[in-house]
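Please read the structure below before turning to the comments.
Source: prediction; values computed, not measured. Heads up: numbering here begins at 1 and tracks the sequence.
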Amino acid sequence: VQLVESGGGLVQPGGSLRLSCTASGSAVGSYALGWFRQAPGKEREIVAGISESGHFTHYKESVKGRFTISRDNVKNTVDLQMDNLKTEDTAVYYCAADRTWGVLVFRSPAVWGKGTLVTVSS
């Protein structure tokens, strides 16, 4: 499977952005999907994940209530709606996929997109 992100950009604190990731290849619906981010000088971290069926989601504690992950298994997309953005959300955001939910959330997924930059600044 291949992943391509879109939707990054510059936004003021308190604003919103929606990231989208389009997956191509076979059996996309059998992959758990997620969004990770890496800020300058920091390690890459999971932001949100969603299981193959969409029944299970996982969020980084600091984004709960502000970010929402969703997927469309017909369009083969996974979106991240980001509201009430903060300066500390500034990072390169990566879409990721793995056949195993636990690997996506707790280890390192097998498939990565190239990333899209989100800058939160006034």
Side-chain angles (χ1 to χ4, degrees):
V1 65
Q2 294 81 44
L3 306 171
V4 178
E5 304 96 335
S6 62
L10 173 64
V11 62
Q12 292 186 341
S16 298
L17 273 178
R18 188 176 184 89
L19 304 182
S20 186
C21 173
T22 300
S24 60
S26 61
V28 172
S30 66
Y31 283 79
L33 299 172
W35 287 92
F36 290 67
R37 70 186 181 189
Q38 187 167 21
K42 295 187 177 181
E43 294 187 354
R44 190 155 49 186
E45 59 183 5
I46 187 168
V47 176
I50 188 165
S51 63
E52 297 88 324
S53 64
H55 288 154
F56 300 105
T57 57
H58 171 88
Y59 292 94
K60 177 179 172 60
E61 190 64 34
S62 64
V63 308
K64 286 181 179 178
R66 301 189 297 122
F67 292 10
T68 304
I69 189 170
S70 60
R71 68 185 292 165
D72 185 326
N73 283 346
V74 174
K75 297 180 180 179
N76 288 340
T77 57
V78 56
D79 291 351
L80 185 68
Q81 176 66 40
M82 305 185 293
D83 298 318
N84 191 20
L85 282 159
K86 304 177 180 181
T87 56
E88 52 263 42
D89 295 317
T90 295
V92 177
Y93 283 70
Y94 298 89
C95 181
D98 199 279
R99 290 189 178 273
T100 305
W101 171 244
V103 171
L104 180 91
V105 174
F106 300 113
R107 300 179 67 181
S108 182
V111 185
W112 294 89
K114 293 184 177 181
T116 185
L117 177 63
V118 172
T119 303
V120 184
S121 175
S122 55

Scan for disulfide (SG to SG under 2.5 Å) pairs involving residues 3-115, sequence neighbours excluded, and state none if there are none. Cys21-Cys95
For residues 27-62, the disulfide (SG to SG under 2.5 Å) pairs (sequence neighbours left out) are none
Pairing residues for [X] by the side chain to side chain donor-acceptor pair (under 3.5 Å) criterion, not counting sequence neighbours:
X	result
Ser16	Asp83
Ser53	His55
Ser24	Gln2

All salt bridge (charged side-chain N to carboxylate O under 4.0 Å, His left out) counterparts of [X], not counting sequence neighbours:
X	answer
Lys42	none
Arg66	Asp89
Lys60	Glu45
Glu43	none

What residue pairs, at least two apart or across chains, pass salt bridge (Lys or Arg N to Asp or Glu O under 4.0 Å) with a residue in residues 13-33? Arg18-Asp79
Residue pair Ser30, Arg99: steps toward the side-chain contact (heavy atoms from CB on, under 4.5 Å) verdict: CA-CA 6 Å; Ser30 66; Arg99 290 189 178 273; 2.9 Å; yes
Between [atom1] on residue [X] and [atom2] on residue [Y], distance to nearest 0.5 Å:
X	Y	atom1	atom2	value
Ser62	Glu88	OG	CD	7.5 Å
Arg37	Ile46	CZ	CD1	11.5 Å
Lys64	Thr57	NZ	OG1	9.0 Å

Residues in ring pair (Phe, Tyr, Trp, His ring centres under 6.0 Å) with Phe36, at least two apart? Trp112
Describe, in one word, how the ring planes of Phe56 and Trp101 are oriented to each other, choosing from parallel (under 30°), tilted (30 to 60°) and perpendicular (over 60°). tilted
Tyr94 vs Gln38 side-chain heavy atoms within contact, under 4.5 Å: yes
Would you check if there is a donor-acceptor pair between the side chains of Thr77 and Arg71 at a distance under 3.5 Å? no
Check whether any side-chain N or O of Thr119 sits under 3.5 Å from a backbone N or O of Leu10 as a donor-acceptor pair, and report yes or no. no
Can you check whether Ala32's main-chain N or O pairs, donor with acceptor, with Asp98's side chain at less than 3.5 Å? no
Please report the closest heavy-atom contact between Pro109 and Ala97, naming both atoms and the distance. CB-O, 3.5 Å
Would you name the heavy atoms of Leu104 and Gly34 that are closest together and state the gap between them? CD1-N, 3.9 Å
Tracing side-chain contacts under 4.5 Å among Ile, Leu, Val, Met, Phe, Trp and Tyr outward from Leu80 reaches Val1, Leu3, Val11, Leu17, Leu19, Val28, Tyr31, Leu33, Trp35, Val47, Ile50, Tyr59, Val63, Phe67, Ile69, Val78, Met82, Leu85, Tyr93, Val111, Val118, Val120
